[in-house]
Amino acid sequence: MEMQTSRQVLHKKMEMGFSVRLHKFFVSAVDFWRRYKKTKTAVFGLVIILIFAFIAINASWLAPYDPYLITRERFAPPSAKHWLGTDDMGRDILSRIIYGSRVSLSIGFIIAALSMTIGIVIGAVSGYFGGKVDTLLQRLVEMVQMLPSLVLIIVVLLLLGGGIDRIVIIMGLLGWTGTARVVRAEFLSHREREYVEAGKALGFSKFHIIFSEILPAVIPTVLVIMAMNISGAILMEAGLSFLGLGDLSVITWGQMLQNAQRWLSQAWWISFFPGLAIFLTVLSFNLIGDGINDAINPYLKER
Amino acid sequence: MPYLSLEGVAHMSEANGTIMKAENVVKLFPVKKSSLLAALTRKPPDYVHAVDGVSLDVQVGDTIAIVGESGSGKTTLARVMLNLIEPTSGKVIWRGKDVSTLDKNELFQFRKDVQIIFQNPGGALNPRKSIFRILSEPLKLHFNIKSGSELVDRASEALLAVGLNPAIHLDRHPHEFSGGQRQRICIARALSLGAKIIFADEPVSSLDVSIQAQILILMKKLKEEFGLTYIFVTHDLALTRSFASRVYVMYLGEIVESGPVEDIFMEPLHPYTKLLLASTPVPNPKRARSRETIIPVGEIPSPINPPPGCRFHTRCALAKAICKTAKPVVKTVGNRSFACHLVN
């Protein structure tokens, strides 16, 4: 009788699989946050990014003016009416920065997601299988790394025209090499561990061992690179726009900087505020990356 | 519901007799050349002779011990027999079939039937998974079970069989257990698949002595309950003596002597076996003083270029000229075998 009840309790417990897992996730998230918040700069970075994300999502009602609206108030310095001033066509800079955050942030995330996916798969396969597969994939990594990416992107954009989608795809296809290297190194160390050997003896498929046994252990490291990749992508897009290769149909911070070049000596605010936005975002993502790194390797920090 | 007693490979045609066999297994590992010069001169690569021509016979219900020093190739032999690495030459026969020629279905049967427990039970369990996941994933794979409650039942039964409490332990993670409990979980995982042949690679050497005894008693009990066959890989002679039924002594990738455990321990024939037995401490000081002492000469030689002739001659006190040149043939007397020029 007692046995029967404990069995029922057990079944109930396991059937609540989802809520149990959610609870465990919550517990580990709290634990992670406890270590993450020890790095004050990382908390600062996270706050900044959350603010920018909030701004980007709510751009349409946060922006005081229509960002495309051309007015007669050209070169108005920062004032109560236009907090960050206006540009050469009398457009409100604050509104343009608010709308620009949408494109700049999402570009960063999409490029990072694309390149991380490629990098994880190639790195995992390369590190797990080793031998000839590894040699071959590592030569591929070197070939991609060897390409002068800026020149290549410029050539492609000049040939195909500069659309935002093309920038994303090209940068995604070129930016995965660092991730691949790090993931490979992690897999090299994990594949010799006993739990992987045990998995093989249990008859698990290679796919299961790579993605279910080993990959979860690699994810924290991947998050660090992801933060760095996002900031790299934002900076790269800004650079391309600054060179005049951006997409003219959308507002991005790089685009605003490019436009501001000519008025650098007359109206400092046209270039200063978009530059500040880029600077803060990139800095914040790097700080977040450092914070994750310190949170997953607490011993490194104490030394 | 008693799942455990029902499982196991169905075609148990050999109720007794040979269940697994190694025939002349050789495993060489090439040594990586790092220098450019070596690559240019095209010198043939060096090999580590990890296992060099080993034959081994496992009977149903046996408890085999493969003993030897570190670096004697005993773990490599186990990995070859588990089909985790391919032998350079030679064959592993499992229930009459060569394991290198198994088709996909047979390989699944092999994986269910032949399991391993490791020296470091903490390392053998994925630290990120709960015990339920650790136990249920292999079950899902091998028995294609979809129902969650059947998985819970099967996992619970396996945990009960090794003396753990499923109601408490099922949703914990490996780091929440002691070493002995982790080893029990590893054993439970092997049992839940219905394994009949269990390789144990130094199963207790990372545990406290008191826990060692618990685990060994458990393994003995499970052996009787489920008709298991054990293959121990160990350097622990006391464990071998109390647990094994048949002993294989390995030295530098070769088996130098084999036979029933009482014979080997009462009357070792090969000088290396004598050396091994003489180097185990004896708890009785009077007996320790009176017993013959053999002082080993030097370390185990490198397996990269193993010595010619008898591999043990560099350390053997009795070595003659012939030992340095000719390889001793394996002589079989009754149910014992040995490879030494000086013993007949």
Side-chain angles (χ1 to χ4, degrees), chain A residues 2-25 27-28 31-32 129-132 134-135 186 188-221 296, chain B residues 1 78-79 82-85 104 107-130 132-134 136-142 147-153 155-157 159-160 165-168 170-171 173-174 186 189-190 192-193 195 199 201:
Chain A
E2 197 191 331
M3 188 68 212
Q4 195 61 31
T5 359
S6 79
R7 194 171 149 249
Q8 278 164 358
V9 170
L10 203 61
H11 279 264
K12 215 165 180 188
K13 204 160 153 188
M14 287 298 139
E15 272 155 26
M16 293 190 305
F18 177 72
S19 66
V20 169
R21 253 176 283 157
L22 194 71
H23 177 249
K24 291 232 161 178
F25 172 78
V27 168
S28 61
D31 187 50
F32 178 81
F129 290 101
K132 279 183 187 141
D134 184 34
T135 313
E186 292 274 331
L188 280 179
S189 90
H190 276 273
R191 71 162 185 195
E192 305 294 336
R193 307 234 174 130
E194 275 175 333
Y195 74 85
V196 174
E197 188 96 318
K200 285 183 200 162
L202 289 165
F204 287 152
S205 65
K206 295 182 175 82
F207 185 86
H208 178 97
I209 292 178
I210 291 176
F211 289 104
S212 175
E213 300 286 326
I214 305 180
L215 191 60
V218 180
I219 288 296
T221 323
I296 57 178
Chain B
M1 229 170 278
R79 293 181 64 203
L82 276 155
N83 203 8
L84 290 174
I85 49 176
K104 208 179 163 203
L107 193 62
F108 267 107
Q109 293 288 326
F110 175 83
R111 292 282 177 233
K112 265 197 282 187
D113 195 33
V114 186
Q115 273 300 315
I116 179 167
I117 54 180
F118 290 93
Q119 171 171 17
N120 173 9
L125 303 170
N126 192 332
R128 297 178 168 268
K129 296 190 172 176
S130 68
F132 178 67
R133 275 188 79 189
I134 286 173
S136 64
E137 279 176 356
L139 288 171
K140 276 190 215 162
L141 176 73
H142 284 283
S147 115
S149 67
E150 189 181 344
L151 286 174
V152 175
D153 277 345
S156 312
E157 197 190 347
L159 281 186
L160 284 172
N165 183 348
I168 304 172
L170 215 45
D171 59 351
H173 282 73
C186 292
R189 178 164 67 178
S192 69
L193 291 178
F199 281 77
D201 188 353

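A note on names: the letters A, B, ... follow the listed sequences, proteins ahead of strands, and every chain is numbered from 1.
Here the side chains of L202(A) and Q115(B) are in contact, with some heavy-atom distance below 4.5 Å. Within the 4.5 Å cutoff, side-chain heavy atoms of S212(A) are placed close to those of R133(B). In this structure, K129(B) and P216(A) have side chains that are not in contact, with every pair of non-hydrogen atoms separated by 4.5 Å or more.
For chain A, the nearby part of L125(B) is the backbone; its heavy atoms alone come within less than 4.5 Å.
In terms of heavy-atom pairs under 4.5 Å with chain A, the best-connected choice from R111(B), H142(B), H173(B) is R111(B). Of all the listed residues (N120(B), N83(B), I134(B), L151(B)), the one sharing the greatest number of non-hydrogen pairs under 4.5 Å with chain A is N120(B). Considering only heavy-atom pairs separated by less than 4.5 Å from chain B, the leading option among G203(A), G199(A), S28(A) is G203(A). Ranking E197(A), H208(A), R193(A), K200(A) against chain B, the residue ahead of the rest is E197(A), based on heavy-atom pairs under 4.5 Å.
For the atom pair CD (Q119(B)) and CD (E194(A)), the distance works out to 7.0 Å, reported to the nearest 0.5 Å. Note that CD of E137(B) and CD of E213(A) are 6.0 Å apart. Values are rounded to the nearest 0.5 Å.
Scanning all heavy atoms of the two residues, the minimum distance from A198(A) to A124(B) falls at CB-O, 3.8 Å. Contact record, I116(B) with A201(A): CG2-CB, 3.7 Å, taken as the closest heavy-atom pair.
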